[in-house]
Engineer: 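I am attaching a structure below and will ask some questions about it afterwards.
Hydrogens, waters and symmetry mates are skipped; everything else that's a heavy atom, side chains included, is used. A quick note: this is a predicted structure, and the numbers were derived from the prediction, not measured.
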Amino acid sequence: VCDMASEMFHQYEDEIRSLEDEISVLTQQCNSQHEFVHYPDGDLQRALEKLTIPFEKPKHDADLNTELGQLEYELGYMKALTGIEFTEYSKKELKKDENNSLLKYRLSGKCGFLPFHLEFELLEVREKEKLSSVVTELSIIMELGEYPNFST
């Protein structure tokens with residue numbers, strides 16, 4: 001009985017160490033500036049959760065839950081309406097100074113049956129209390145594959 005308990009104890013310790021290592025790796029990935037996320041099932045909601053959205057004032061959990069529910073509903077509606085489904089998302093900060101920042105976004109997904117890749121750079125310029133955003137580079141690639149005669 002004592003050997004059996006000792007063996008179980010060691011198994012639990014090994015499992016705990018393994019989970020701690022996994023937590024460490026995931027924490028490093030989350031803190032990485034060059035974040036890349038792949039969602040094979042095309043769930044845009046998880047991709048959107050990776051976006052950082054500054055809030056003007058702190059909100060209560062109930063307000064956030066209500067807002068999240070509304071955003072999930074709108075996302076589902078837009079997905080059903082347009083047929084656009086995102087499967088990959090990445091965001092990289094290329095340049096940042098006191099008043100400007102240049103971000104590069106990459107999105108992949110499909111519109112109905114047609115896979116696509118979208119890349120763009122977004123220049124954000126802050127003047128006093130006003131923030132302006134301009135798309136400076138845009139690239140859209142459609143993978144026609146088995147539909148070579150499809151017109152874009």
Engineer: What about Phe120 and Ile84, same hydrophobic cluster or not, with Ile/Leu/Val/Met/Phe/Trp/Tyr joined at side-chain heavy-atom distances under 4.5 Å?
Structural biologist: yes
Engineer: Considering non-hydrogen atoms only, spot the tightest contact between Asn100 and Arg126 and give its length.
Structural biologist: OD1-N, 4.5 Å
Engineer: Which value, rounded to the nearest 0.5 Å, describes the distance between Glu137 atom CD and Lys104 atom NZ?
Structural biologist: 7.5 Å
Engineer: What distance separates Lys92 NZ from Leu102 CG, expressed to the nearest 0.5 Å?
Structural biologist: 11.0 Å
Engineer: Out of curiosity, does Ile23 fall in the hydrophobic cluster containing Ile16 (side-chain heavy atoms, cut-off under 4.5 Å, transitive links)?
Structural biologist: no
Engineer: Are any side-chain N or O atoms of Ser139 and backbone N or O atoms of Glu119, one a donor and one an acceptor, separated by less than 3.5 Å?
Structural biologist: no
Engineer: Any idea how Phe116 and Phe86 line up, ring-wise: parallel (<30°), tilted (30 to 60°), or perpendicular (>60°)?
Structural biologist: perpendicular
Engineer: Roughly how far, to the nearest 0.5 Å, is the NZ atom of Lys95 from the OG atom of Ser101?
Structural biologist: 9.5 Å
Engineer: With no hydrogens and no angle check, just 3.5 Å: does a side-chain donor-acceptor pair link Gln11 and Glu15?
Structural biologist: no
Engineer: Transitively linked via ILVMFWY side-chain contacts under 4.5 Å: Ile140 with Tyr89?
Structural biologist: yes
Engineer: Check whether any side-chain heavy atom of Leu94 sits under 4.5 Å from a side-chain heavy atom of Glu121, and report yes or no.
Structural biologist: yes
Engineer: If you measure from CD on Gln70 to CG on Asn65, what distance do you get to the nearest 0.5 Å?
Structural biologist: 13.5 Å
Engineer: Could you state the interatomic distance from CD (Glu124) to CD (Glu93), rounded to the nearest 0.5 Å?
Structural biologist: 9.0 Å
Engineer: Answer yes if Leu118 and Tyr105 sit in the same cluster of Ile, Leu, Val, Met, Phe, Trp and Tyr residues linked by side chain heavy atoms under 4.5 Å apart, and no otherwise.
Structural biologist: yes
Engineer: Crowded around Glu74 CD? As in, over 12 foreign heavy atoms under 6.0 Å?
Structural biologist: yes
Engineer: Might you confirm whether atom CD of Glu13 has over 12 heavy atoms from other residues, nucleotides or ligands at distances under 6.0 Å?
Structural biologist: yes
Engineer: Quick check: is Leu103 connected to Val135 through a chain of hydrophobic side chains (ILVMFWY, heavy atoms under 4.5 Å apart)?
Structural biologist: yes
